[in-house]
2 protein chains.
Amino acid sequence: MRKEQEILTDYLKHKGLKQTSQRGIILDIFLSAGRHLAADELHNMLRDENPRIGFSTVYRTLRLLTECGLAREVNFGDGRARFERALDKSQHGHLICTKCGKAEEFTIATMEKSIKQIAVKLGFKPEGHRFEVYGFCKKCR
Amino acid sequence: MRKEQEILTDYLKHKGLKQTSQRGIILDIFLSAGRHLAADELHNMLRDENPRIGFSTVYRTLRLLTECGLAREVNFGDGRARFERALDKSQHGHLICTKCGKAEEFTIATMEKSIKQIAVKLGFKPEGHRFEVYGFCKKCR
DNA sequence: TTTGATTATGAGATTCAGTTTCAGCGAATA
DNA sequence: TATTCGCTGAAACTGAATCTCATAATCAAA
C-alpha cells in the first residue's frame, strides 16, 4: 500500500470514520494528477471511469485529505479553491500567469526564516502561509 | 482637493467617465476607513449618512478605485474580497489571525528582491504579488 | 440655460463555487 | 447476519460577486 493510502487509512481509523471505495479512488486520482486541481476538475477526471461518484463526495474528500495533511488548499485569486499534494513537499510560492492561468512553483529558502523573524517580533504564531506572484509567464509575456 | 480625489478625477476624465457624488463619497469613506474593507462593510458604513447608495455602486466604485491605482484588492482566504489603500503604500504582506480574523501588515523589503531574481531565472514577468501568513495573533495564540 | 448623447445608478435577478440536507446505502463490529 | 452509524449522491441552499435594465444624472455643445 502506498504511503498516502496508509496515512488516509490511519486517519480514518483514528477518527472513527469509514474506509470507502470512493475515498480510495479520489485519493488515487488526486495523487496521479498534476498539481493544483480544483474540485470540479478532479470530478471531471473521475467521470469517465466512475460516473457514479458525486461532486459532493469529491469535495468532501478533498477536505478530508486536507485535514489529514495529504493535500493543501491553494488559491490563485480566481475564486476557485485548488488543491495540491502536501506530503513530502516543502512550502513554496507560486508564479501565476494572469493570462493563461498556468501556475509554476518556486521555493525560497530564506522565506521561512524571514517569516519566523517577523512573526516573533510581532507576537504572531504562524501556522501556514501563502505566497503568490502574479504576472506573465515565459510564453505570454 | 486631496491628492486622491484628483487622481480619481483625472482618471475619470481620461476614460470619458463621469464624476458623481456617489463616487466622491465612496472614495472619502474608503480613505477614512481603516484598512482591509470588504465591499459590503464599506456599504454598511455608508448606510447611515447615505442610505440611497446601492451596493452595486459601492462594488463598482471599488473596482474603479482599483483600476486607477487608489485601491488594491487583497484576499484573506475567507472568500471575501477586501480592499486597501494602494497609494503611497509599499507592497507588504499580511499576518492573518485565523481565530479573530484580524490582519496585521508587515513589510518585505528583501522579499521583493528575491522575487525579482527568481522570476528572471524562470522567464516570468512579475506584476504583483500576494503574501499572507496565517496563524494566531498575540491575543488569540 | 437647455438640450441631447451618453454614462451612472439602484434594486433585483442571476451566476457560480461551495456547502448543506436527507433519504437510502454500505462499512465495520460483534 | 444483524445492527449501528457513518457515507453517498442528488438536489436544494448559501453568500459573494456580477449583471440587467429602467430611470436618473452628468456634461459638452448649442
Side-chain angles (χ1 to χ4, degrees), chain A residues 5 8-27 29-30 36-68 71-83 101, chain B residues 5 8-29 36-68 71-83 101:
Chain A
Q5 291 282 7
L8 179 57
T9 301
D10 287 353
Y11 182 79
L12 292 174
K13 225 168 240 165
H14 173 73
K15 284 272 191 174
L17 304 176
K18 288 173 182 167
Q19 196 107 28
T20 66
S21 62
Q22 289 94 329
R23 286 174 174 169
I25 291 167
I26 292 168
L27 174 56
I29 303 263
F30 172 70
H36 312 141
L37 277 183
D40 64 315
E41 288 170 336
L42 207 158
H43 185 224
N44 285 337
M45 292 174 69
L46 285 169
R47 271 221 160 105
D48 294 336
E49 297 277 327
N50 306 276
R52 329 254 357 232
I53 296 183
F55 174 76
S56 311
T57 302
V58 173
Y59 182 81
R60 282 184 288 228
T61 303
L62 282 172
R63 268 285 134 83
L64 194 65
L65 296 182
T66 303
E67 269 171 46
C68 70
R72 186 186 295 131
E73 192 177 332
V74 291
N75 194 299
F76 295 160
D78 63 352
R80 294 168 82 198
R82 283 151 210 281
F83 297 83
Chain B
Q5 290 282 6
L8 178 57
T9 301
D10 288 352
Y11 182 79
L12 292 175
K13 225 170 239 166
H14 174 73
K15 283 272 192 176
L17 304 176
K18 287 170 184 171
Q19 197 107 29
T20 65
S21 61
Q22 288 93 330
R23 286 174 174 169
I25 291 166
I26 292 168
L27 175 56
D28 261 356
I29 304 263
H36 311 141
L37 277 182
D40 64 312
E41 287 170 337
L42 206 158
H43 185 224
N44 285 336
M45 292 174 69
L46 287 168
R47 271 223 160 103
D48 294 337
E49 298 276 328
N50 307 275
R52 329 257 353 237
I53 296 183
F55 174 75
S56 309
T57 301
V58 172
Y59 181 79
R60 283 183 290 227
T61 303
L62 283 171
R63 269 285 135 85
L64 195 64
L65 297 182
T66 303
E67 270 172 44
C68 69
R72 185 185 296 131
E73 192 177 332
V74 291
N75 193 300
F76 295 161
D78 63 352
R80 293 168 82 199
R82 283 152 210 280
F83 297 84

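To find a chain, count down the sequence lines: A is the first, B the second, and so on, and within it residues start at 1. Everything numeric here is computed off the predicted structure, so don't read it as measured data.
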What is the distance from [atom1] of [X] to [atom2] of [N], rounded to the nearest Å?
{"X": "Phe55(B)", "N": "dA8(C)", "atom1": "CZ", "atom2": "P", "answer": "18 Å"}
{"X": "Glu73(B)", "N": "dA17(D)", "atom1": "CD", "atom2": "C1'", "answer": "10 Å"}
{"X": "Arg52(B)", "N": "dG10(C)", "atom1": "CZ", "atom2": "P", "answer": "8 Å"}
{"X": "Tyr11(A)", "N": "dG6(D)", "atom1": "OH", "atom2": "C1'", "answer": "14 Å"}
{"X": "Phe83(B)", "N": "dA17(D)", "atom1": "CZ", "atom2": "C1'", "answer": "10 Å"}
{"X": "Ile53(A)", "N": "dT8(D)", "atom1": "CD1", "atom2": "P", "answer": "9 Å"}
{"X": "Arg82(A)", "N": "dG18(C)", "atom1": "CZ", "atom2": "C1'", "answer": "14 Å"}
{"X": "Asn75(B)", "N": "dG18(C)", "atom1": "CG", "atom2": "P", "answer": "12 Å"}

Identify, between Gly54(A) and Asp40(B), the residue whose nearest nucleotide on DNA chain D lies closer to the 5' end. Gly54(A)

Give the minimum heavy-atom separation between [X] and [Y], together with the two atoms involved.
{"X": "Arg80(A)", "Y": "Ala38(A)", "answer": "NH2-CB, 3.8 Å"}
{"X": "Leu12(B)", "Y": "Arg23(B)", "answer": "CD2-NH1, 3.7 Å"}
{"X": "Ala81(A)", "Y": "Glu73(A)", "answer": "CB-OE2, 3.4 Å"}
{"X": "Gln5(B)", "Y": "Asp28(B)", "answer": "NE2-OD1, 3.3 Å"}

State which of [options] makes the closest approach to the side chain of [X].
{"X": "Arg80(A)", "options": "dG9(D), dG18(C), dT9(C)", "value": "dG18(C)"}
{"X": "Leu17(A)", "options": "dA27(C), dA8(C), dG6(D)", "value": "dG6(D)"}
{"X": "Ala81(A)", "options": "dG12(C), dG18(C), dT9(C)", "value": "dG18(C)"}
{"X": "Arg60(B)", "options": "dT20(D), dG9(D), dA27(C)", "value": "dT20(D)"}
{"X": "Lys18(B)", "options": "dG10(C), dT26(D), dG18(C)", "value": "dT26(D)"}

Arg63(A) near the nucleic acid: base, sugar-phosphate alone, or nothing, with a heavy-atom cut-off under 4.0 Å? sugar-phosphate

Is Ser56(A) touching bases, backbone alone, or none of the nucleic acid, heavy atoms closer than 4.0 Å? base

With respect to the phosphate group of dC7(D), does any side-chain polar atom (N or O) of Thr20(A) fall under 4.0 Å of OP1 or OP2? no

Counting only side-chain nitrogens and oxygens, does Arg23(A) get under 4.0 Å of the OP1 or OP2 atom of dT8(D)?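 Answer yes for this pair, as a side-chain N or O of Arg23(A) is under 4.0 Å from OP1 or OP2.
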
Where each residue is assigned the nucleotide of DNA chain C containing its nearest heavy atom, which of Asp78(A) and Gln22(B) is assigned the position nearer the 5′ end?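 Upstream on the strand: Gln22(B).
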
Please tell me if the side chains of Glu41(A) and His36(A) come closer than 4.5 Å, counting only heavy atoms from C-beta onward. no

